Asks: 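I have a structure I would like to understand better, so I am pasting it below and will then ask my questions one at a time.
Computed from a predicted model, the values in this text were never measured in an experiment. All values below come from the heavy atoms of this structure, side chains included, with hydrogens, waters and symmetry mates left out. Note that ligands are numbered from 1 as they come in the structure, with each ligand's atoms numbered from 1 the same way.
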Amino acid sequence: MKATYSVKILFVIMLCLGYCLNFNRVTAQNTSASAIIPIPASINTEKGEFTLTSKTKIVVSDNNLATIETAKYLADQAKILCGLNLSIVTTSKSVKNSIVLNTKASGKKESYHLKVGKKNIVISGADQSGLFYGVQTLLQMISSAAENSPKIVIACADINDEPSFTWRGMHLDVSRHFFPVEFVKKMIDMLAMYKINTFHWHLTDDQGWRIEIKKYPKLTEIGGWRDKTMIGHYTENDQKFDSTRYGGFYTQEQIKDVVTYAQKRYITVVPEIEMPGHAVAALSAYPQFSCTGGSFKTYTKWGVSDDVYCAGKEETFSFLEDILDEVVALFPGQYIHIGGDECPKTRWKACPACQKRIKDEGLKNELELQSYFVKRIEKFIVSKGKKLIGWDEILEGGLPERAAVMSWRGYEGGVEAAHTGHDVVMTPGGYCYFDHYQSQDQTNEPLAFGGFLPLEKVYSFSPVPPELSAEEAKHILGAQANVWTEYIPTEKQAEYMIFPRICAMSEILWSPKAKQDYTQFLSRLNGNLKRLQKAGINYRPLKTN
Ligand code: TNX
């Protein structure tokens, strides 16, 4: 009797133990694979777990400077996330209880292999950016493990990951409202976390010129400031303004600092210098490059101005080429964005110099004059070893031979460009405009441009339209979110508009379509929001629309 009783007790104990062990395993699993945004291309969860301790070493196995930088980045971030001070060693020997970093993986650019074993974690990038993304994935696992228990337990797993698109971007308009370097860096940090690799910096517009140009100091002295700013919505019958002088700009030193900061996070900064339209701030400083000669004041309201650069005067082109000369020297990336959007033809129609240009060049009309303008600038940019990208209006009147198109008025511009073999970045307003409302009930939301772009709609975005052939689809480099800031005056509000929509955008651009699942994304997002909160991000809480 007694013996059977003990056996029974033993059996119950074993059951409990088994349950506990299994439970632990499930918890550990939850702390890894199910926490990552964007979801990796392939994850195999395996038995066992790795426990991160203060004794865990980061091993740089290839003695490469970039790998060492990434090791330092990992150590710094791990300290923030879980308080552990991980030391870095450089050795090709195997080290127990370590996170090994190398660039030995095979695969396409930016891809990586992450293996969590019981004794070691090995992150192999196909290149340095791949290694960096592997580290980002591990950091997400550490972050989520740290939330669940003081012990950092990561379930064993084998992850193979690569991006779907090469252009994974976010744009920030710093003209309508100015954002200081510290904020730009904070955003770059967050973008890196979500494997976004392009930061499109909208540096000039009617309402403010934000980049120091040494040859034309008045661009920032005068064009960097406006007398007042519109309050309320542009469409109100009775437009209202404050009475505060507003402005700011980045020195070239600050620009270089941001570019280097971004480079260390594998983010390319694409500068945008608007032309021929959206140029009132520049013209307020140098009115001689307009059709009428001015005078102008840096714009204080939103919308589109009739005053644009004069396409007839030779001096306009010298002026812009001088500016671009300085811009090209500051930004090592391939692309220079020249805007090209929303350029009314009113002034050109009435301008003798523009009309003469149309006649002399045998152009049909002002649309072709715009095309002449962009093509001329494109030649210059190409002569500097760079590529031109512009908003889809640059298609009108004929696209420069090698230019890439940013399709914002829907998919159409991008489709047309891809049909003719041009590269395209998709940014259709309905899916990518983060200045749109996040709720249908606008009363509880901060004033915004308009529209309705909830998280779920961002997640439903597909950058490649079905009408493209497989060959044409290769021209869709990717997509980006655009953050226009007419109605975004503060950093807090910018964060509210960007997060968590950028998390959805990152998954659309990185993860394979077959892995995209909104409900599952939401469950992974919950943990991510805690990390955003820790990083001091004023994200929009998940609530119904
Ligand atoms: C259109 S998108 C613009 C911007 C505005 C934005 C507001 C584009 C190329 N031009 O100047 O800020 O709409 O959503």
Asks: Considering the options His337, His177, His278, His171, which one meets the ring pair (Phe, Tyr, Trp, His ring centres under 6.0 Å) requirement together with His202?
Replies: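 For His202, the ring pair (Phe, Tyr, Trp, His ring centres under 6.0 Å) check succeeds only for His171.
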
Asks: Determine, for Asp257 against Lys185, whether the closest basic-nitrogen to carboxylate-oxygen distance falls under 4.0 angstrom.
Replies: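 Yes, charged N to carboxylate O under 4.0 Å.
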
Asks: Tell me: protein heavy atom nearest atom 7 (C) of ligand 1, and distance?
Replies: Asp435 OD2, 3.2 Å

Asks: Looking only at N/O atoms, are Arg176 and ligand 1 under 3.5 Å apart anywhere?
Replies: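 Yes - when backbone and side-chain N and O of Arg176 are compared with those of ligand 1, one distance drops under 3.5 Å.
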
Asks: Could you identify the single nearest non-hydrogen protein atom to atom 3 (C) of ligand 1 and state the distance to 0.1 Å?
Replies: Glu342 OE1, 3.5 Å

Asks: Within ligand 1, which atoms have a heavy atom of Glu486 less than 4.0 Å away?
Replies: 5 (C), 7 (C), 12 (O)

Asks: Can you tell me if His436 has a non-hydrogen atom under 4.0 Å from ligand 1?
Replies: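 For ligand 1, residue contact (heavy atoms, under 4.0 Å) with His436 is absent.
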
Asks: Glu507 and salt bridge (Lys or Arg N to Asp or Glu O under 4.0 Å): which single residue from Lys195, Arg168, Arg524 fits?
Replies: Arg524

Asks: Where is the nearest protein heavy atom to atom 2 (S) of ligand 1: which residue, which atom, and how far?
Replies: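 So the nearest neighbour among protein heavy atoms is Tyr433 OH, 2.6 Å.
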
Asks: Check for a donor-acceptor pair, side chain of Glu495 on one end and backbone N or O of Lys492 on the other, with a separation under 3.5 Å.
Replies: no

Asks: Looking at ligand 1, is there an atom of it that comes within less than 4.0 Å of some heavy atom belonging to His278?
Replies: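 His278 counts as a contact of ligand 1 under the 4.0 Å cut-off.
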
Asks: List every atom of ligand 1 that sits less than 4.0 Å from any heavy atom of Trp391, numbering the atoms from 1 in the order shown and giving each element.
Replies: 9 (C)

Asks: Check Glu221 with Lys218, please: is the shortest side-chain N to carboxylate O separation under 4.0 Å?
Replies: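 No, this pair does not count.
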
Asks: Any N or O on Asp341 sitting closer than 3.5 Å to an N or O of ligand 1?
Replies: yes

Asks: Thinking salt bridges, do Lys384 and Glu321 make one under a 4.0 Å N-O criterion?
Replies: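 No salt bridge links Lys384 with Glu321.
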
Asks: Please identify which atoms of ligand 1 are closer than 4.0 Å to at least one heavy atom of Phe449.
Replies: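 Selected atoms, number and element: 7 (C), 14 (O).
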
